[in-house]
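Structure first, then comments.
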Amino acid sequence: MDNLLEVKSISKRFGGLQAVDRLSFAVRRGEILGLLGPNGAGKTTAFNLIAGFIKADEGEILFGGKQIRGCEPYQICASGIARTFQLSKPFGGLSALENVMVGGFARGAGRARVRDEAYACLEFLGLAQRADTDANDLTAFDKRKLELGRALATQPRLLLMDEVVAGATPSEAGEMVELVRKVRDRGITVLIVEHVMKVIMGLSDRVIVMEQGRLIADGVPAEVVKMPQVLKAYFGDGYVGASA
Ligand SMILES: Nc1ncnc2c1ncn2[C@@H]1O[C@H](COP(=O)(O)OP(=O)(O)OP(=O)(O)O)[C@@H](O)[C@H]1O
Ligand SMILES: [Mg+2]
């Protein structure tokens, strides 16, 4: 199996709370892997550990076979992992184009080239007409797309996406699904956290499920949503008992 990312038994404790608990999973090269789990399951913390924003207490994180646990976020970004944030916070006072250019500069390319690539990225996202708009003046959904653009501008091999359709209308969600598919078609592997089932089910080749920091399921979407431990995590004991 060709694994691009291997997470091996990583843990993170915040005071008395075990937010991530010996979590292990792999992301295969070229797939869209959905990461599910109820609120507080540890999904964003797992992203923060992979991207180096917080350090794991234990375990290994291998990207392309190389250990990245303990590396700084900029080093992990340079190695080919980009992320979007659950709360999009563009650089206000900079235009949409300049926001995407920030991602390009992270690669160390020259200004003219970064600018051209950033513009092409905005075209890909359907945001070219907003290139000169202050990022703060974009709609919430356009801010989400901008965030995707900033991540893509770093030219990642692996993209971590955290709740990219939160608050989006159904048509916006559909547009984002198409964009994520196109991203994958460009050869970028995607690990995506999403609560909107329609999105995750339609998009993911495979899904993994976390509960209380632990991995509780791994499989194709149609099978995972029927697993008793997954139903229990989302709906509680009563539901599983009632459906049995
Ligand atoms: N920096 C922190 N300090 C203390 N506790 C934290 C910190 N970050 C996260 N937590 C806690 O860790 C647990 C997991 O949080 P996390 O944000 O990873 O969950 P999540 O699965 O992303 O949830 P959601 O679906 O609501 O985004 C929660 O109980 C949260 O309150
Ligand atoms: Mg989260």
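FYI, side chains are in, hydrogens and waters are out, and symmetry mates aren't considered; it's all heavy atoms of this structure. Computed from a predicted structure; not experimentally measured.
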Point to revise | Option among Ile200, Val193, Leu215 that satisfies the side-chain contact (heavy atoms from CB on, under 4.5 Å) test with Leu35 | key: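 Result: among Ile200, Val193, Leu215, Val193 is the only option passing the side-chain contact (heavy atoms from CB on, under 4.5 Å) with Leu35.
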
Non-hydrogen atoms of [X] and [Y] that approach each other most closely:
| X | Y | answer |
| --- | --- | --- |
| Gly213 | Leu23 | O-CB, 4.1 Å |
| Gly149 | Val100 | O-CG1, 3.7 Å |
| Gly103 | Thr154 | O-CG2, 3.3 Å |
| Pro90 | Ala135 | CB-CB, 3.6 Å |
| Leu160 | Ala51 | CD1-CB, 4.5 Å |
| Ser88 | Lys143 | OG-CB, 4.0 Å |

Would a 4.5 Å heavy-atom cut-off, applied to side chains only, mark [X] and [Y] as touching?
| X | Y | result |
| --- | --- | --- |
| Val230 | Val225 | no |
| Ile81 | Ile68 | yes |
| Lys43 | His195 | yes |
| Leu152 | Ile188 | yes |
| Met227 | Ile216 | no |
| Glu175 | Lys145 | yes |

Check your understanding: Tell me, which pairs form a ring pair (Phe, Tyr, Trp, His ring centres under 6.0 Å) where one or both residues lie in residues 164-184, sequence neighbours left out?
Key ->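 Checked against ring pair (Phe, Tyr, Trp, His ring centres under 6.0 Å) - neighbours excluded - no pair reaches residues 164-184.
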
Exercise for review: Any pair with a residue in residues 8-63 that passes ring pair (Phe, Tyr, Trp, His ring centres under 6.0 Å), sequence neighbours left out, goes on the list, sorted by first then second residue, please.
Suggested key: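 Checked against ring pair (Phe, Tyr, Trp, His ring centres under 6.0 Å) - neighbours excluded - the pairs reaching residues 8-63 are Phe53-Phe85.
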
**Study point:** Under 3.5 Å donor-acceptor, Ser9 side chain and Ser24 backbone
**Key:**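 Side chain of Ser9 to backbone of Ser24, a donor-acceptor pair under 3.5 Å: no, none is there.
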
Point to revise | Polar side-chain atom of Asp134 near backbone of Ser95 as donor-acceptor pair, under 3.5 Å | key: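 Answer holds: no.
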
Between [atom1] of [X] and [atom2] of [Y], what distance do you get to the nearest 0.5 Å?
| X | Y | atom1 | atom2 | result |
| --- | --- | --- | --- | --- |
| Thr44 | Leu87 | OG1 | CG | 9.0 Å |
| Leu49 | Ile10 | CG | CD1 | 4.5 Å |
| Cys121 | Leu148 | SG | CG | 7.0 Å |
| Leu191 | Ile208 | CG | CD1 | 6.0 Å |
| Cys77 | Gln155 | SG | CD | 11.0 Å |
| Leu5 | Thr189 | CG | OG1 | 9.5 Å |

A quick test of your reading: do over 12 heavy atoms of other residues, nucleotides or ligands sit less than 6.0 Å from [atom1] of [X]?
| X | atom1 | value |
| --- | --- | --- |
| Arg130 | CZ | no |
| Gln67 | CD | yes |
| Arg22 | CZ | no |

Same hydrophobic cluster for [X] and [Y], using side-chain heavy-atom links shorter than 4.5 Å among ILVMFWY?
| X | Y | answer |
| --- | --- | --- |
| Leu36 | Val220 | no |
| Val114 | Leu127 | yes |
| Leu138 | Val164 | yes |
| Met210 | Val207 | no |
| Val7 | Val224 | no |

Pairs meeting criterion salt bridge (Lys or Arg N to Asp or Glu O under 4.0 Å) with involvement of [range], two or more places apart:
| range | result |
| --- | --- |
| residues 73-96 | none |
| residues 212-223 | Asp21-Arg214, Arg206-Asp218 |
| residues 53-66 | Lys12-Asp57, Lys55-Glu72 |
| residues 158-171 | none |

Check your understanding: How is the hydrophobic cluster of Phe91 composed, in terms of its other members, when Ile, Leu, Val, Met, Phe, Trp and Tyr link through side-chain heavy atoms under 4.5 Å apart, directly or indirectly?
Key ->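 Via sub-4.5 Å side-chain contacts, Phe91 links to Leu94, Val102.
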
Applying salt bridge (Lys or Arg N to Asp or Glu O under 4.0 Å), can you list everything that pairs with [X], at least two apart in sequence or on another chain?
| X | answer |
| --- | --- |
| Arg113 | Glu117 |
| Arg157 | none |
| Glu194 | none |
| Arg13 | none |

Exercise for review: Begin from the C-alpha positions of Val27 and Val190 and carry the test side chain to side chain contact (heavy atoms under 4.5 Å, CB included) through to its verdict.
Suggested key: CA-CA 8 Å; Val27 187; Val190 178; over 6 Å; no

Exercise for review: Applying ring-ring contact (aromatic ring centres under 6.0 Å, His included), name anything that partners Tyr234, two or more places apart in sequence or on another chain.
Suggested key: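 In terms of ring-ring contact (aromatic ring centres under 6.0 Å, His included), with neighbours along the sequence ignored, Tyr234 is linked to no residue.
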
Exercise for review: Begin from the C-alpha positions of Gln18 and Gln212 and carry the test side chain to side chain contact (heavy atoms under 4.5 Å, CB included) through to its verdict.
Suggested key: CA-CA 8 Å; Gln18 193 68 50; Gln212 294 182 8; over 6 Å; no

Check your understanding: Should the pair Arg144-Glu172 be classified as a salt bridge under the 4.0 Å nitrogen-to-oxygen rule?
Key ->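 Salt bridge flag = no for Glu172 with Arg144.
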
Review point. Charged N to carboxylate O under 4.0 angstrom, Arg28 versus Asp205?
Key: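 Here Arg28 does not pair with Asp205 in a salt bridge, since their nearest N and O are not under 4.0 Å apart.
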
